[in-house]
Enquirer: 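Once you've had a glance at the structure underneath, I'll fire off some questions.
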2 protein chains.
Amino acid sequence: MSGDDGRPGLRERKKQETRIALSWAAIRLVVERGLENVRVEDIAAEAGVAPRTFNNYFSSKGEAIAARHLERTRMIAQELRRRPASEPLWEAITSAVITQLAMGADYDDRRPDQQWQAGIRLMISEPSLQGEMLRASAIAENELAAAIAERTGTDVDHDLYPRLVAGAAGAAIRVAMDQWLRASPPVPVRPLIEDALGRLAAGLPEPRSS
Amino acid sequence: MSGDDGRPGLRERKKQETRIALSWAAIRLVVERGLENVRVEDIAAEAGVAPRTFNNYFSSKGEAIAARHLERTRMIAQELRRRPASEPLWEAITSAVITQLAMGADYDDRRPDQQWQAGIRLMISEPSLQGEMLRASAIAENELAAAIAERTGTDVDHDLYPRLVAGAAGAAIRVAMDQWLRASPPVPVRPLIEDALGRLAAGLPEPRSS
DNA sequence: TCAGGAAATTGCGCGTTCCGCAAATTTGCC
DNA sequence: GGCAAATTTGCGGAACGCGCAATTTCCTGA
């Protein structure tokens, strides 16, 4: 085939597939049995590869579990770049977040996202996974900061602004997620995210009364 | 089990001492040789305890290294509670943060801030330590959120406000720290932190010109 | 179409980590 | 001084993480 170029490459695609398979397998098994009761061997078997291959993709169980979260949050920055430049910054950020995180999390397609919710819950409850998740979020925030810098014409290296916005947005998302998972009668996630990011955009006004 | 007064407890004090000794030993050795060239055995020897004892205090090298950071950031919440209630929230938070950073020389141990700075730089550069540091920050932010809720009369469980403020403040601190460590002619931290938190308090206005 | 070769998978082996368990030691308290 | 609880320590084993080299897969160019 001619066309050398930015094509994903057939081989590369297969790698991504096994990568995703390993990640989902890890989440599924650990949600079922608990982190300590799942060996790397089990995850590899579930994904149909040799145990050694697992460590060709991830250096630990935690990294495999957080990989889905990483990919998903990374897309927020990507989505932000697609938004029209005319849109106000916070609106664009909110839309990007909603598009990537909240879509299908509540209604209709429950199957795939129920796993995702279980994954988030898992990463929050297991102490040894919290760091892994936060690190993934930090990576995503760096990319988000770059996108914000581009959009606002600021310098991501010398100006605090884009990183502040990205970091604050990331924190707001985590707070909204946490609240979402803790709601004892389940509530939709979207309003929570809009609320959290909206308050940031409004300058975090102190609530009059609770 | 007689009077369990607020006494530190003679025994408890010794435990804290070895805990701190282990943590500093871990930081010092890893800064010198790199994470992969330091075994748990080395850290234990440096602190004067048996290898097995290390894992009675910490479950990993990373946790030991992040412990100093955790203790320090925890004190921000503690410091916030000491601030007069009349002081505006963001002023109080900024003062609390500044106080704890300036306190490094007196509180911990002999080596003042140079070790601490090296520790932070270490945790940022080593991928496997980033998560550990972020997790420590998250714990500190939870305590900060509780203190903020108390001060503002909000509910930390049902109102997003205190957690949003704590999370945003934590993000701002990390951005300021990052900038501090990257400054190629070294700059003082304090103005960076005041700048970052000040912008948050001002509602993150978009800068007019870079 | 097919051979050459790069890329990925796999098996093996080793050093390290982390933790449960129980004996030994230390520490606090009466 | 001596008992009881807490802490330290050594031992042992399961699991991990990764380097290395052989093997398999499959892309590519002639």
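Each chain gets a letter, A, B and so on, in the order its sequence line appears, and its residues count up from 1.
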Enquirer: Quantified as the angle between the terminal helix axes (five pairs each), what is the overall bend of the helix from C:dT1-D:dA30 to C:dC30-D:dG1 to 10 degrees?
Expert: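 Inter-axis angle at the ends, rounded: 30°.
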Enquirer: Please state how far atom CG in A:L35 lies from atom P in C:dC19, giving the value in whole angstrom units.
Expert: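 So the CG-P distance, A:L35 to C:dC19, works out to 11 Å.
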Enquirer: Among all residues two or more places apart in sequence or in another chain, which pass the side chain to side chain contact (heavy atoms under 4.5 Å, CB included) test with A:A149?
Expert: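 Scan of A:A149 (side chain to side chain contact (heavy atoms under 4.5 Å, CB included), adjacent residues dropped) gives A:T154, A:V156, A:P162.
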Enquirer: Verify the contact: side-chain N or O of A:K15 to OP1 or OP2 of C:dA8, cut-off strictly under 4.0 Å; return yes or no.
Expert: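 For C:dA8, OP1 or OP2 has a side-chain N or O of A:K15 closer than 4.0 Å.
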Enquirer: May I have the distance from A:F58 (atom CZ) to D:dC16 (atom C1'), rounded to whole angstrom?
Expert: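 Spelled out: CZ on A:F58 to C1' on D:dC16 is 16 Å.
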Enquirer: Give the rounded distance in Å between these two atoms: CD of A:E36 and P of D:dC16.
Expert: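 Going from CD in A:E36 over to P in D:dC16 covers 9 Å.
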Enquirer: Taking salt bridge (charged side-chain N to carboxylate O under 4.0 Å, His left out) as the definition, give me every residue that meets it alongside B:R199, ordered by chain and number, with sequence neighbours left out.
Expert: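 Testing B:R199 for salt bridge (charged side-chain N to carboxylate O under 4.0 Å, His left out), a comparison that skips the adjacent residues, returns A:D159, B:D195.
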Enquirer: What residues, two or more places apart in sequence or in another chain, satisfy side-chain hydrogen bond (donor to acceptor under 3.5 Å, both in side chains) together with B:N142?
Expert: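 Checked B:N142 against side-chain hydrogen bond (donor to acceptor under 3.5 Å, both in side chains); zero matches.
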Enquirer: Can you pull the side-chain hydrogen bond (donor to acceptor under 3.5 Å, both in side chains) pairs that have at least one residue in residues 164-177 of chain A, sequence neighbours excluded?
Expert: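 Matches after skipping sequence neighbours: A:E141-A:R174.
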Enquirer: Does A:E126 have any side-chain hydrogen bond (donor to acceptor under 3.5 Å, both in side chains) partners at least two apart in sequence or in another chain, and if so, which?
Expert: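 A:E126 satisfies side-chain hydrogen bond (donor to acceptor under 3.5 Å, both in side chains) with no residue once adjacent residues are dropped.
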Enquirer: So, OP1 or OP2 of D:dG17: does either fall under 4.0 Å of a side-chain N or O from A:S59?
Expert: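 Answer is no, no contact under 4.0 Å.
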Enquirer: Show me, pair by pair, the donor-acceptor contacts under 3.5 angstrom made by side chains of residues 59-67 of chain B, not counting sequence neighbours?
Expert:
residue: B:S59; atom: OG; partner: B:E63; partner atom: OE1; Å: 2.6
residue: B:S60; atom: OG; partner: B:E63; partner atom: N; Å: 3.2
residue: B:K61; atom: NZ; partner: B:L35; partner atom: O; Å: 3.2
residue: B:K61; atom: NZ; partner: B:V38; partner atom: O; Å: 2.9

Enquirer: Detail all sub-3.5 Å separations between protein N/O atoms and N/O atoms belonging to nucleotides 24-27 of chain C.
Expert:
residue: C:dT27; atom: O4'; partner: B:R11; partner atom: NH2; Å: 3.4

Enquirer: According to side chain to side chain contact (heavy atoms under 4.5 Å, CB included), who are the partners of B:E194, at least two apart in sequence or on a separate chain?
Expert: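 Partners of B:E194 by the side chain to side chain contact (heavy atoms under 4.5 Å, CB included) criterion, ordered by chain and then number, come out as B:T94, B:I98, B:R190.
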Enquirer: Between atom CD in A:Q16 and atom P in C:dT9, what is the gap in whole Å?
Expert: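 Rounded to the whole Å, the gap is 11 Å.
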Enquirer: Measure from NZ or CZ of A:R72 to the centre of the six-membered ring of A:W116, then state whether that distance is under 6.0 Å and the direction lies within 45° of the axis.
Expert: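 Yes.
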Enquirer: Donor-acceptor pairs are to be reported for all side-chain atoms of residues 46-55 of chain A against protein atoms at under 3.5 Å, with residues two or more places apart or in another chain.
Expert:
residue: A:E46; atom: OE2; partner: A:R28; partner atom: NH2; Å: 2.1
residue: A:R52; atom: NH1; partner: A:N56; partner atom: OD1; Å: 2.9
residue: A:N55; atom: ND2; partner: A:F58; partner atom: O; Å: 3.4

Enquirer: Without decimals, in angstroms, what is the distance between B:K61 NZ and D:dC16 P?
Expert: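 Distance check: B:K61 NZ to D:dC16 P gives 18 Å.
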Enquirer: Under the salt bridge (charged side-chain N to carboxylate O under 4.0 Å, His left out) test, which residues partner A:R39, sequence neighbours left out?
Expert: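 With neighbours one apart ignored, the set is A:D42.
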Enquirer: In whole angstrom, what separates A:E41's CD from D:dG17's C1'?
Expert: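 In whole Å, D:dG17 C1' and A:E41 CD are 15 Å from each other.
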Enquirer: What I'd like to find out is whether the side chain of B:V30 reaches to under 4.5 Å of the side chain of B:N37, using heavy atoms alone.
Expert: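 A side-chain contact under 4.5 Å is absent here.
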Enquirer: Measure the distance from OH on A:Y57 to P on D:dG17 and round it to the nearest whole Å.
Expert: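 Between P of D:dG17 and OH of A:Y57: 17 Å.
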Enquirer: Rounding to a whole Å, what distance do you find between A:I65:CD1 and D:dC16:P?
Expert: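 In whole Å, D:dC16 P lies 12 Å from A:I65 CD1.
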Enquirer: What nucleic acid atoms does B:F54 come within less than 4.0 Å of, heavy atoms only: base, sugar-phosphate, or nothing?
Expert: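 Nothing: the residue B:F54, judged by heavy atoms under 4.0 Å, touches no strand.
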Enquirer: Once each nucleotide of nucleotides 19-24 of chain D is scored for protein heavy atoms under 4.0 Å, what B/S/- sequence comes out, 5' to 3'?
Expert: BB----
